[in-house]
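Okay, structure first, notes after.
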Amino acid sequence: MKLELQLNGHATTVETHPAKRLLDLLREECGLTGTKEGCGEGECGACTVLLDGQPVMSCLVPACHAAGRKVTTIEGLAGPDGALHPMQAAFAREGGTQCGICTPGMILAAVAWARDPASAAEVGEALAGNLCRCTGYTRIFTAVAAALDASRDGRDGAAG
Amino acid sequence: MRSHLADFDVVRPTSLEEALALAATRAGEPGGVTPLAGATDLFVPFNAGQLAPTTFLDLHGIAERPWRRVGTPTSIACTR
């Protein structure tokens with residue numbers, strides 16, 4: 001099928017099989033390999049992307065369900081000048097990364113929470129769908145808190 | 001092992017009437033039709049290569065969403 005979607009702010013048309021995983025569409029057809037495959041069965045959250053702003057696991061989303069919708073991957077967070085999104089910057093600054101496989105999904109889930117604080121009571125709940133195999137949760141949670149603190153102080157916008 | 005995409009087809013009706021007609025006409029074909037709503041349950045066995053080839057009846061194209069989930073991915077009750 002000819003699939004039309006808004007991919008990281010750009011109107012995009014791609015020829016694909018409608019049942020192809022959104023994860024594979026992004027990585028193979030669109031060359032956006034920042035989205036990682038972890039478990040491939042909807043448990044780990046590594047492949048999280050934002051679909052119309054909502055975090056979804058792209059290994060469980062058929063490509064046809066992205067038709068006409070907005071998809072944001074980790075590549076779509078940085079500014080046009082390449083400046084890191086405040087949540088990305090906080091992860092880098094606080095060392096909220098280790099092997100890096102979970103990082104794109106963690107950051108996108110954290111950004112979704114920053115944009116909709118009512119969606120979870122605390123960071124552990126907000127990131128409950130994202131597993132870190134390096135057991136690095138402490139620094140990840142610290143990074144998210146730092147980004148949110150900076151946002152509340154008006155220094156930068158973690159919810160941007 | 002991943003399922004072979006070529007073994008699967010997707011039809012995307014835009015109305016309940018069209019969906020029911022497609023379900024009726026394609027039910028007798030090999031693999032039958034499998035309603036596809038959120039896909040989160042169906043895509044686990046699909047990704048694992050454990051889903052028999054079928055035609056997905058994608059319900060996302062129906063604007064009024066006239067269904068509710070009642071249990072398994074294929075148990076979808078019409079609410080109208």
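Throughout, a chain's letter reflects where its sequence line sits, starting with A, and its residues are numbered from 1. If you're wondering where the values come from, they're calculated on a predicted model, not measured in any experiment.
Linking ILVMFWY side-chain heavy atoms closer than 4.5 Å, directly or via other members, places Leu26(A) and Ile74(A) in two distinct hydrophobic clusters. Residues Leu23(A) and Leu60(A) are members of separate hydrophobic clusters, defined by side-chain heavy-atom contacts under 4.5 angstrom among Ile, Leu, Val, Met, Phe, Trp and Tyr. Residues Leu36(B) and Leu51(A) do not share a hydrophobic cluster, clusters being chains of Ile/Leu/Val/Met/Phe/Trp/Tyr side chains in contact below 4.5 Å. By the criterion of side-chain heavy atoms lying less than 4.5 angstrom apart, applied directly or through intervening Ile, Leu, Val, Met, Phe, Trp or Tyr residues, Val123(A) is grouped together with Tyr137(A) in one hydrophobic cluster. Hydrophobic clustering places Met87(A) together with Leu50(A) (ILVMFWY residues linked when any side-chain heavy atoms are closer than 4.5 Å, directly or through intermediates).
Contact tally against chain B (heavy-atom pairs below 4.5 Å) for Gly68(A), Cys59(A), Gly42(A): the top residue is Cys59(A).
For Val56(A), no part lies near chain B; criterion is any non-hydrogen pair under 4.5 Å.
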Would you enumerate the inter-chain donor-acceptor pairs between chain A and chain B whose distance is below 3.5 Å?
unit_1: His17(A); atom_1: NE2; unit_2: Leu5(B); atom_2: O; d: 3.0
unit_1: His17(A); atom_1: NE2; unit_2: Phe8(B); atom_2: O; d: 3.0
unit_1: Asp24(A); atom_1: OD2; unit_2: Arg2(B); atom_2: NH1; d: 3.1
unit_1: Gly40(A); atom_1: O; unit_2: Asn47(B); atom_2: ND2; d: 3.0
unit_1: Cys59(A); atom_1: O; unit_2: Asn47(B); atom_2: ND2; d: 2.9
unit_1: Cys64(A); atom_1: O; unit_2: Arg12(B); atom_2: NH2; d: 3.2
unit_1: His65(A); atom_1: NE2; unit_2: Asp58(B); atom_2: OD1; d: 2.8

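In terms of heavy-atom proximity, Phe43(B) sits nearest to Ala19(A) at CZ-O, 3.4 Å.
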